[in-house]
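Nothing here was measured: the structure is a model prediction, and the numbers come from that model. Letters A, B, ... mirror the listed sequences (proteins, then strands); counts begin at 1. What's counted below: heavy atoms across the whole structure, side chains too, no hydrogens, waters or symmetry copies.
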There are 2 protein chains.
Amino acid sequence: MSYLDQNIVAATDLQRRNAASAKHEAAIASFAEFGAKSLKFAPHDVVYYEGDEARRLYHLERGTVMLFKLLPDGRRQVVEVLRPGDIFGLASSEEHDCTAETLTDAQVQEIDLRHVETSPEFQRRLTRCLTSQMNALHDHAVLLGRKSAQERVASFLMYLVPNRGGVGCVGPDPERTDDSCDIKLHMTRQEIADYLGLTIETVSRVVSELKRKGVIRADKSDQIHLHRVCGLCQMTGFH
Amino acid sequence: MSYLDQNIVAATDLQRRNAASAKHEAAIASFAEFGAKSLKFAPHDVVYYEGDEARRLYHLERGTVMLFKLLPDGRRQVVEVLRPGDIFGLASSEEHDCTAETLTDAQVQEIDLRHVETSPEFQRRLTRCLTSQMNALHDHAVLLGRKSAQERVASFLMYLVPNRGGVGCVGPDPERTDDSCDIKLHMTRQEIADYLGLTIETVSRVVSELKRKGVIRADKSDQIHLHRVCGLCQMTGFH
DNA sequence: CGACCGGTTGAACTGCATCAAGCTGAGTGG
DNA sequence: CCACTCAGCTTGATGCAGTTCAACCGGTCG
């Protein structure tokens, strides 16, 4: 069965499923003040499916989660890649508009929607979180709408470098003599392609091209060494 | 001076300017409880520029506003098209991440950021508003990342039909015998192109193609009659 | 050992961008 | 009232970045 065929099955199957609920474990702190319950997920577990009833909020404590949407013919777009601290699962209708799937082992707190209504402190945290997610979505719209394949891949890699990338990139840390960095992708080529609005082959070709140019070295296919972060940053389209 | 050249000037000029503040007028109700001040704008006025200090929130009462970002070489991406009821101007850093420009005459309420911190009622409205904007951004990411030019234009036109388009499109109103509709774009071909991640020529060609197929009729270039809304909806990629 | 999955690479194709020319209609001025 | 202009739009011809199709490679697992 081809990749697209698999997604078609997934797309038509969305309505019927109802995820999460299964894999919880002991409760931990952080949003405990809101009666949050902590769940653990393995890589590629689904937290909820697009179309599931939206009853709870989720706070990502550890690991990485992606949100994606499917078109009925199987085309997929990963719309967000979330990191620890992000909140997800808030829906404007009764249903989730995306599927949420883990990329790595992940720990997620489940928060009762009631707190959205009642706790001003929680509201403030939520607003801050939503705002920064909106900013990320704006940047991503620029990437998807206006950047070349090479710029997309470069931007994606920079996104994984702590405190770098983006418009306001400060340049290399003056404290350090070299400007190299090791990053772990935690995503397959397919997931990267679906995030960047490209095909798997194009992602692969651009990565190979970057290796050939000596900008990066790929130790394992999801473990990449950036020789000069600033050099890569120059390729994002932001400079 | 070419279009891109103009944008380059705009892009490099962003930091220096500081918009809004000039064109206010009498205060009106709606968010008046939060001490909001009502401003009036003409088409293509700028409410704030990307990089301006983010001090206030804005509530769109009447008209249409777009948010866009520029790359330093002049490429532009319109990231959101806002409608009455939407709130904009909330920033996760000290600066606005987009430029906000009116498409039509518009009336905008300026709200003090203090209310974000203090009023739970305001917080609730804000959360609801941000959530639905996030959903729109998710849909737009799918459009930009995965849809063909024709699907983009069809989706865009459907977006302008009240209560239609999107995944959960209910189909034609059973009360009505015909399924036609008149819409006004309020955007130039350039703005549409920058919103859909296409070029002006491609937008023009797709619109002409839709005319040739008899799906639409363009009375004036920004005034379009949809013969069968459902037929157009079939071309969005959602069905 | 073979099957399989994720990734890479090559060759050919194509949808959209680019470049260039012409059209249309609103505004301006003689 | 018509000629001129200019901005926004359309249309055609050509080019190319990225997709598609297909073969192959290397690691892992039963």
Side-chain angles (χ1 to χ4, degrees), chain A residues 1-7 43-44 71 73-77 103 143-154 156 184-213 216-224 235 237, chain B residues 1-7 43-44 71 73-77 103 143-154 156 184-213 216-224 235 237:
Chain A
M1 190 160 77
S2 81
Y3 159 69
L4 271 187
D5 291 339
Q6 285 176 32
N7 276 355
H44 299 284
L71 291 174
D73 64 359
R75 282 174 287 178
R76 181 172 79 158
Q77 180 65 44
L103 291 169
L143 181 147
L144 293 173
R146 290 298 180 212
K147 289 192 180 179
S148 70
Q150 185 183 283
E151 288 169 334
R152 294 182 200 207
V153 172
F156 170 69
K184 190 141 171 73
L185 305 185
H186 296 303
M187 293 171 86
T188 65
R189 292 289 183 269
Q190 187 62 65
E191 286 156 355
I192 296 169
D194 287 345
Y195 185 46
L196 302 182
L198 298 170
T199 58
I200 193 172
E201 293 95 332
T202 302
V203 172
S204 185
R205 271 185 253 273
V206 172
V207 169
S208 299
E209 179 67 20
L210 291 177
K211 279 192 241 173
R212 220 169 305 127
K213 285 184 184 163
I216 65 173
R217 171 167 43 83
D219 306 318
K220 288 172 53 197
S221 73
D222 87 329
Q223 182 82 45
I224 288 185
M235 308 173 81
Chain B
M1 190 160 76
S2 80
Y3 159 68
L4 270 188
D5 290 339
Q6 284 176 33
N7 275 355
H44 299 285
L71 291 175
D73 64 358
R75 283 174 286 177
R76 181 172 79 158
Q77 179 65 43
L103 291 170
L143 181 147
L144 293 173
R146 291 298 179 212
K147 289 192 181 181
S148 70
Q150 184 182 282
E151 288 170 334
R152 294 182 201 207
V153 173
F156 171 69
K184 190 142 171 71
L185 305 186
H186 297 303
M187 292 171 87
T188 66
R189 292 287 184 271
Q190 186 62 64
E191 286 156 354
I192 296 169
D194 286 346
Y195 185 45
L196 302 182
L198 299 169
T199 59
I200 193 172
E201 293 96 334
T202 301
V203 172
S204 185
R205 269 185 254 272
V206 171
V207 170
S208 300
E209 179 68 21
L210 291 177
K211 280 192 238 170
R212 222 168 304 126
K213 286 183 183 163
I216 66 172
R217 170 166 46 81
D219 306 319
K220 289 171 50 198
S221 75
D222 87 329
Q223 182 83 46
I224 287 185
M235 307 173 81

(Q) Would you say A/Ser204 places a side-chain N or O within less than 4.0 Å of OP1 or OP2 belonging to C/dG7? (A) no
Q. Taking CD1 from A/Ile192 and P from C/dG7, how many angstroms apart are they, rounded to a whole number?
A. 8 Å
Q: Write down the distance between CZ (A/Arg212) and C1' (C/dT8), rounded to a whole number of angstrom.
A: 11 Å
Q.
Using the side-chain heavy atoms of B/Arg189, tell me which of these nucleotides is nearest: D/dT10, C/dC16, C/dG7.
A. D/dT10
**Q.** A/Ile224 CD1 to C/dT8 C1', straight-line distance once rounded to whole Å
**A.** 14 Å
(Q) Less than 4.0 angstrom between a side-chain N/O of B/Arg205 and OP1 or OP2 of C/dC16, yes or no? (A) no
Q. Is the distance from OP1 or OP2 of C/dT9 to the nearest side-chain N or O of A/Ser208 less than 4.0 Å?
A. yes
(Q) In whole Å, I'd like the distance from the CG atom of A/Asp219 to the P atom of C/dG7. (A) 15 Å
Q. Is any side-chain heavy atom of B/Asp222 less than 4.5 Å from a side-chain heavy atom of B/Met187?
A. no
Q: Indicate, yes or no, whether a donor-acceptor pair under 3.5 Å links the base of D/dC21 to the side chain of A/Glu201.
A: yes
Q: For A/Arg146 and for A/Val203, find the nucleotide of DNA chain C with the closest heavy atom, then tell me which residue's nucleotide is more 5'.
A: A/Val203
Q) Base, sugar-phosphate, or nothing for B/Thr188, non-hydrogen atoms under 4.0 angstrom? A) sugar-phosphate
Q: Could you tell me the separation between the CD1 atom of B/Ile200 and the C1' atom of C/dA17, rounded to a whole number of Å?
A: 13 Å
(Q) Just to be sure I understand the rule, does A/Thr202 reach a base, reach only the sugar-phosphate, or reach nothing, if contact means heavy atoms closer than 4.0 Å? (A) base
Q.
Using heavy-atom distances to pick each residue's nearest nucleotide on DNA chain C, tell me which of A/Val207 and B/Gln150 is more 5'.
A. A/Val207
Q: Provide, to the nearest angstrom, the distance between the CE atom belonging to B/Met187 and the P atom belonging to D/dC9.
A: 11 Å
Q. What is the distance from CD of B/Glu209 to C1' of C/dG15, rounded to the nearest Å?
A. 13 Å
Q: Report yes if the side chains of A/Gln77 and B/Lys147 come closer than 4.5 Å at any heavy-atom pair, otherwise no.
A: no
Q: With heavy atoms under 4.0 Å as the rule, sort A/Leu198 into base, sugar-phosphate or nothing.
A: sugar-phosphate
Q. Taking the side chain of B/Lys211 as heavy atoms from C-beta outward, which of C/dC16, D/dT10, C/dG7 is closest to it?
A. D/dT10
Q: Specify the residue among B/Asp222 and A/Ala149 whose closest nucleotide of DNA chain D lies further upstream toward the 5′ end.
A: B/Asp222
Q) What is the distance from CD of A/Glu151 to P of D/dG18, rounded to the nearest Å? A) 9 Å
Q: Please report the shortest heavy-atom distance between A/Tyr195 and A/Leu144, naming the atom on each side.
A: O-CD2, 3.8 Å
**Q.** Donor-acceptor under 3.5 Å (A/Arg152 side chain, A/Leu196 main chain)
**A.** yes
Q: Give the minimum heavy-atom separation between A/Asp194 and A/Arg76, together with the two atoms involved.
A: OD2-NE, 2.6 Å
